[in-house]
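Start at 1 and go down the list; that is how both ligands and their atoms are numbered. Remember, it's a predicted structure, so these values are computed and weren't measured experimentally. What's counted below: heavy atoms across the whole structure, side chains too, no hydrogens, waters or symmetry copies.
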Amino acid sequence: MARDDVPLLERERELAVIADGLAAACGGAGGLLTVEGAAGLGKTRLVQAACDSARSRGMTVLSARAGELERGLPFGVVRTLFETPVGRATAADRAVLLEGAAAMAAPVLGLTTGGGTPVRDGAAFTGLHGLYWLTANLAERGPLLVAVDDAHWADEASLRFLVYLVHRLAALPVLVVVAGRREELGADKELLERLRGDPLTSILQPAPLSEPATAAVVRAAFSPRADAEFCRACRTATGGNPLLLRMMSRVLRDEGADPTAFGGVRVTDWRHRWSPCRCCRGYTGCRATRGRSPVQSRCWATAWR
Ligand SMILES: Nc1ncnc2c1ncn2[C@@H]1O[C@H](COP(=O)(O)OP(=O)(O)OP(=O)(O)O)[C@@H](O)[C@H]1O
Ligand SMILES: [Mg+2]
C-alpha cells in the first residue's frame, strides 16, 4: 500500500507498546506484537510505524505483506521476508549467513548453499530449523524487526515458521509484528491463535476513532468548514473506521457536499451503503458494483487506493 501522509490519530498507547517492544528487542529480549482488527482500522499504519521506528533505531527490518492470491504458495511470505538480506546478498555474504544449521533454510528460499550436499527439500522440520538459525545469524549482526502484514492471508508454511520462531525468541534481539483481520482467519486460524496465545505476545487492537479525531479526519480530507453536527453524522455513518472516513470524505469532496448539519442528514442516509464489498473484497471489476451510483459502486479498496 502506498504510504499515507495523514497524521496518525489516537494511537499513542499502541505506539508506546511498539516502542517498548523495539527497545526490549534492542536489549536482547525478543517478543511478538499482534495487531488485530477489522478492515480499515489502521493495522497497516501501525506496522509501518513499527518499521519506521525500527529503522530509526538502526534495526534491520524484514517485512512482508501476505496476499490473498498467494496463500497457496508454501513459504511465500518467508521468501519475501528474506529476499533482501539473503536473496540479494553477495555470494560471500550469503554463504556466511547460511553457515551451520542455517544451511537448511537454503532449499526453502530456493537457494543452494554453494557447496556440500544440498539439503533435501520437503523436510518440514529442517526447513523451519534452518530458517530459525538464519534469523539468529542475521540477529547476531544487530537487532531485527520481522513484520508480517495481512497475516490472515499468509501461507501455512510461513505461519509455521513464525510459530517456531516465536517459541525461541526470548533470548534473541528480535521483535516480530504480525497484523491481520481475525474475523477473516481461515484454515490457518489455529496457527495464528497459537501465536497470539504465546506468553511473549502483546496484543494491539486499534479502536475506532473518537468524535474529535473523526472531525479532524473529515476536516482535513473533505472540508475545514465541516461543522460539528456534520462530523458527528460522518462518525455515525462509518463507526469511526479511519478507512471508511477517508473514503467518505473523498466522495463528499467529489460531490461538492454541504459540510453543515444539513449535509449531515444526507451522510446519515448513506449509512447502509458503507459496508465492505464482500463479493470482491476490493478487487476491481466486481460485477456487483456495475450500474450503481458512484457512492454505491465504491468498495473498500477501489474507492481510494
Ligand atoms: N489512527 C489513524 N489516524 C488517522 N488515519 C488513520 C489511522 N489509522 C488508519 N488511518 C488511515 O485509514 C486508512 C486505512 O488504514 P490501514 O490501511 O492501516 O487499515 P488496515 O487496518 O490495515 O486495513 P486492511 O484490513 O484493509 O488492511 C489509511 O488511509 C490510513 O492512513
Ligand atoms: Mg492493512
Side-chain angles (χ1 to χ4, degrees), residues 1-19 33-53 61 63-71 77 80 145-154 176-186 188-189 192 196 203-222 224 226 231 234-235 237-254 274-284 286 298-305:
M1 185 172 93
R3 289 234 157 198
D4 235 317
D5 51 8
V6 185
L8 191 61
L9 303 171
E10 299 183 331
R11 296 293 181 253
E12 290 74 15
R13 195 192 76 80
E14 287 80 0
L15 293 176
V17 173
I18 289 169
L33 285 181
T34 62
V35 186
E36 309 173 349
L41 275 176
K43 301 177 294 299
T44 296
R45 282 293 299 263
L46 289 174
V47 174
Q48 289 173 345
C51 292
D52 291 346
S53 181
V61 175
S63 67
R65 187 176 176 198
E68 191 171 17
L69 301 179
E70 292 156 36
R71 213 173 188 168
V77 166
T80 306
L145 171 67
V146 177
V148 176
D149 197 6
D150 290 336
H152 50 280
W153 287 328
V176 178
V177 175
V178 176
R181 304 176 193 160
R182 274 190 92 207
E183 75 279 10
E184 288 191 29
L185 291 178
D188 304 326
K189 186 173 177 141
L192 279 161
R196 72 191 296 276
I203 298 174
L204 298 180
Q205 295 175 322
L209 298 181
S210 68
E211 265 187 40
T214 295
V217 171
V218 171
R219 287 179 183 139
F222 164 48
C231 293
C234 290
R235 185 162 194 280
T238 60
N241 179 303
L243 174 61
L244 289 180
L245 281 167
R246 298 287 308 281
M247 288 167 56
M248 174 174 264
S249 297
R250 180 172 285 195
V251 176
L252 293 167
R253 205 180 50 209
D254 290 353
W274 292 94
S275 56
C277 181
R278 283 286 155 202
C279 44
C280 71
R281 294 235 173 87
Y283 293 111
T284 49
C286 167
R298 283 163 192 262
C299 63
W300 284 97
T302 53
W304 73 280
R305 279 175 181 161

Open item on the list: Using side-chain heavy atoms (C-beta onward) and a distance below 4.5 Å, is L41 in contact with N241?
Closed with: yes
Open item on the list: Any heavy-atom pair between the side chains of R11 and R45 that's under 4.5 Å?
Closed with: no
Task: Pick from P242, A207, P208: the one approaching atom 12 (O) of ligand 1 most closely through a non-hydrogen atom - done: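 Looking at heavy atoms only, the winner is P242.
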Task: Of the listed options R45, E36, R246, M247, closest to atom 31 (O) of ligand 1 (non-hydrogen atoms) - done: R45
Give the atoms of ligand 1, by number and element, whose distance to some non-hydrogen atom of [X] is under 4.0 Å.
{"X": "L9", "value": "1 (N), 2 (C), 3 (N), 4 (C)"}
{"X": "P7", "value": "3 (N), 4 (C)"}
{"X": "D150", "value": "27 (O)"}

Between the side chain of [X] and the main-chain N/O of [Y], is any donor-acceptor distance below 3.5 Å?
{"X": "K43", "Y": "A38", "value": "yes"}
{"X": "S53", "Y": "A49", "value": "no"}
{"X": "R71", "Y": "A66", "value": "no"}
{"X": "D150", "Y": "T44", "value": "no"}

Task: Heavy atom of A213, distance to ligand 1 below 4.0 Å - done: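 No, that is not the case, since the closest heavy atom of the residue is not under 4.0 Å from the ligand.
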Open item on the list: Does the residue G37 have a heavy-atom contact with ligand 1, meaning some pair of atoms that are separated by less than 4.0 Å?
Closed with: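 No, G37 has no heavy atom closer than 4.0 Å to ligand 1.
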Which is it for [X] and ligand 1 at heavy atoms under 4.0 Å: side chain, backbone, both or neither?
{"X": "E10", "result": "neither"}
{"X": "K43", "result": "both"}
{"X": "A179", "result": "neither"}

Could you tell me whether some N/O pair between [X] and ligand 1 is separated by less than 3.5 angstrom?
{"X": "L8", "result": "no"}
{"X": "T44", "result": "yes"}
{"X": "V217", "result": "no"}

Task: Spacing of Q205 atom CD and E14 atom CD [to the nearest 0.5 Å] - done: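 It is 9.5 Å, given to the nearest 0.5 Å.
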Open item on the list: Distance check, rounded to the nearest 0.5 Å: H152 atom NE2 versus L192 atom CG?
Closed with: 10.0 Å
Open item on the list: Could you go through V177 and D149, starting from their C-alpha distance and side-chain angles, then the distance that decides it, and tell me whether this counts as side-chain contact (heavy atoms from CB on, under 4.5 Å)?
Closed with: CA-CA 8 Å; V177 175; D149 197 6; over 6 Å; no
